[in-house]
Protein chains: 2
Amino acid sequence: MTVLDVDPYARACPSRQLLDRIGDRWTVLVINALEDGPQRFSQIARRVDGISQKMLTQTLRALEADGLVERTVYPEIPPHVEYELSALGRSLLEPLGALITWAVENLGAVQSSRERVAAS
Amino acid sequence: MTVLDVDPYARACPSRQLLDRIGDRWTVLVINALEDGPQRFSQIARRVDGISQKMLTQTLRALEADGLVERTVYPEIPPHVEYELSALGRSLLEPLGALITWAVENLGAVQSSRERVAAS
DNA sequence: CAGTATCCAATCGGATACTG
DNA sequence: CAGTATCCGATTGGATACTG
């Protein structure tokens with residue numbers, strides 16, 4: 001199964017297909033990097049700290065396959081490729097933002113809970 | 001690194017810690033199973049189709065460590081253990097629900113995009 | 001610049017067997 | 001009933017080298 005295939009367990013809950021993508025280590029960070037507008041491959045790589053070339057390519061391909069990101073190639077030398085959120089991708093920003101807001105607001109509570117558990 | 005440890009890349013974006021958890025194959029399904037109130041281990045196992053004993057245990061331990069789920073042991077024979085969402089866990093239901101709603105509403109668009117890609 | 005190809009160590013997770 | 005322990009095949013993802 002590649003990243004473009006569909007998980008067999010997704011049948012149990014259709015939203016799994018999207019949540020799996022969102023849960024990818026890099027997906028949300030890449031979407032975040034694209035919030036400000038079109039970006040080149042190397043720009044995204046610089047913005048998303050720690051991502052490898054392989055994973056950036058894989059993540060972008062998956063987002064493109066899902067129709068969340070659009071890829072534009074400018075036929076120049078050296079190559080010039082830009083990625084930007086599609087309308088569908090931008091529509092994801094709102095619910096995703098709500099979740100991230102929740103995460104930021106409740107991170108302290110979760111962390112202190114984790115510390116209590118780690119200490120015991 | 002166990003499921004209870006913190007990902008080194010989380011530093012780049014604190015919300016990663018929560019998104020990683022949400023992205024777990026089973027986490028959202030388990031939270032979903034607990035929406036209706038306290039459930040026993042075996043009840044959750046039956047509700048979450050396809051989950052193994054190992055992964056259910058692991059998922060519940062992680063949710064408990066994060067303070068999202070509370071575990072109550074009734075000292076009986078045979079053992080009786082109930083899991084329920086904490087107040088923090090219930091507060092997650094709203095933003096998570098918004099994301100799932102988006103996923104359900106846009107699943108068609110994503111799937112047809114995937115099919116276009118698969119066909120080419 | 002924007003990738004692709006390959007190798008490989010680490011992690012994940014299902015199956016199975018066992019226990020208080 | 002509600003777990004724990006162990007094995008092991010499958011998947012993940014970083015590092016490295018190479019290319020139009």
Side-chain angles (χ1 to χ4, degrees), chain A residues 1-10 12 16 19-30 33-34 38-65 69-84, chain B residues 1-10 12 16 19-30 33-34 38-65 69-84:
Chain A
M1 190 173 86
T2 76
V3 72
L4 299 178
D5 294 324
V6 171
D7 190 304
Y9 285 112
R16 283 272 75 197
L19 293 172
D20 281 349
R21 183 74 76 239
I22 287 162
D24 275 7
R25 171 172 260 84
W26 302 111
T27 297
V28 173
L29 296 178
V30 169
L34 290 170
Q39 306 278 330
R40 299 180 66 153
F41 186 90
S42 51
Q43 288 180 298
I44 305 170
R46 253 173 275 120
R47 278 177 166 239
V48 182
D49 192 57
I51 196 168
S52 67
Q53 209 169 33
K54 177 181 175 180
M55 291 316 297
L56 180 53
T57 300
Q58 208 172 96
T59 304
L60 287 169
R61 291 288 175 277
L63 288 170
E64 198 191 349
V69 160
E70 281 158 11
R71 180 172 181 270
T72 309
V73 180
Y74 298 91
E76 303 171 359
I77 292 175
H80 181 169
V81 180
E82 288 199 346
Y83 295 89
E84 66 182 314
Chain B
M1 189 174 87
T2 76
V3 72
L4 298 179
D5 294 323
V6 170
D7 190 303
Y9 284 113
R16 282 273 75 198
L19 292 172
D20 281 349
R21 186 72 78 241
I22 287 161
D24 276 6
R25 169 170 264 88
W26 301 111
T27 297
V28 172
L29 296 177
V30 169
L34 289 170
Q39 305 279 329
R40 300 181 65 155
F41 186 90
S42 52
Q43 289 180 298
I44 305 170
R46 254 174 273 119
R47 276 177 168 241
V48 182
D49 193 56
I51 196 169
S52 67
Q53 209 168 32
K54 177 181 175 178
M55 292 316 296
L56 180 52
T57 300
Q58 207 170 98
T59 303
L60 286 170
R61 291 287 176 278
L63 288 171
E64 199 192 346
V69 160
E70 279 159 12
R71 179 173 182 267
T72 309
V73 180
Y74 298 91
E76 302 171 1
I77 293 174
H80 180 169
V81 180
E82 288 200 344
Y83 295 89
E84 66 182 315

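Just so it is clear: chains get the letters A, B, ... in the order the sequence lines come, proteins before strands, and each one is counted from 1.
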Rounded to whole angstrom units, what separation is found between the [atom1] atom of [X] and the [atom2] atom of [N]?
X       : N      : atom1 : atom2 : value
A:Glu64 : C:dA2  : CD    : P     : 14 Å
A:Ile77 : D:dT19 : CD1   : P     : 17 Å
A:Glu82 : C:dC1  : CD    : C1'   : 13 Å
A:Arg61 : C:dA5  : CZ    : P     : 11 Å
B:Ile44 : D:dC1  : CD1   : P     : 14 Å
A:Leu29 : D:dG13 : CG    : C1'   : 15 Å
A:Ile51 : D:dA15 : CD1   : P     : 12 Å
A:Met55 : C:dA10 : CE    : C1'   : 14 Å

Establish, with yes or no, whether the OP1 or OP2 oxygen of [N] is under 4.0 angstrom from a side-chain nitrogen or oxygen of [X].
X       : N      : value
A:Arg46 : C:dC1  : no
B:Arg25 : C:dC12 : no
B:Thr57 : D:dG3  : no
A:Arg40 : C:dA2  : yes
B:Ser42 : D:dA2  : yes
B:Tyr83 : D:dG3  : yes
A:Arg71 : C:dA2  : no

Watson-Crick or G-U stems involving DNA chain D, each at least 3 pairs long, distances under 3.5 Å, ordered by first number: C:1-20 with D:1-20
Stepwise side-chain contact (heavy atoms from CB on, under 4.5 Å) test for A:Ile51 and A:Leu29: CA-CA 10 Å; A:Ile51 196 168; A:Leu29 296 178; over 6 Å; no
Partner residues of A:Arg71 under the side chain to side chain donor-acceptor pair (under 3.5 Å) criterion, sequence neighbours left out: A:Tyr83
5' priority, DNA chain C, between A:Leu60 and A:Lys54 [closest heavy atom]: A:Leu60
Touch class at under 4.0 angstrom, heavy-atom based, for B:Gln53 against every strand present: base
Within-4.5 Å side-chain heavy-atom neighbours: B:Leu56 and B:Val48: no
Any side-chain heavy-atom pair of B:Ile22 and A:Ile22 under 4.5 Å: no
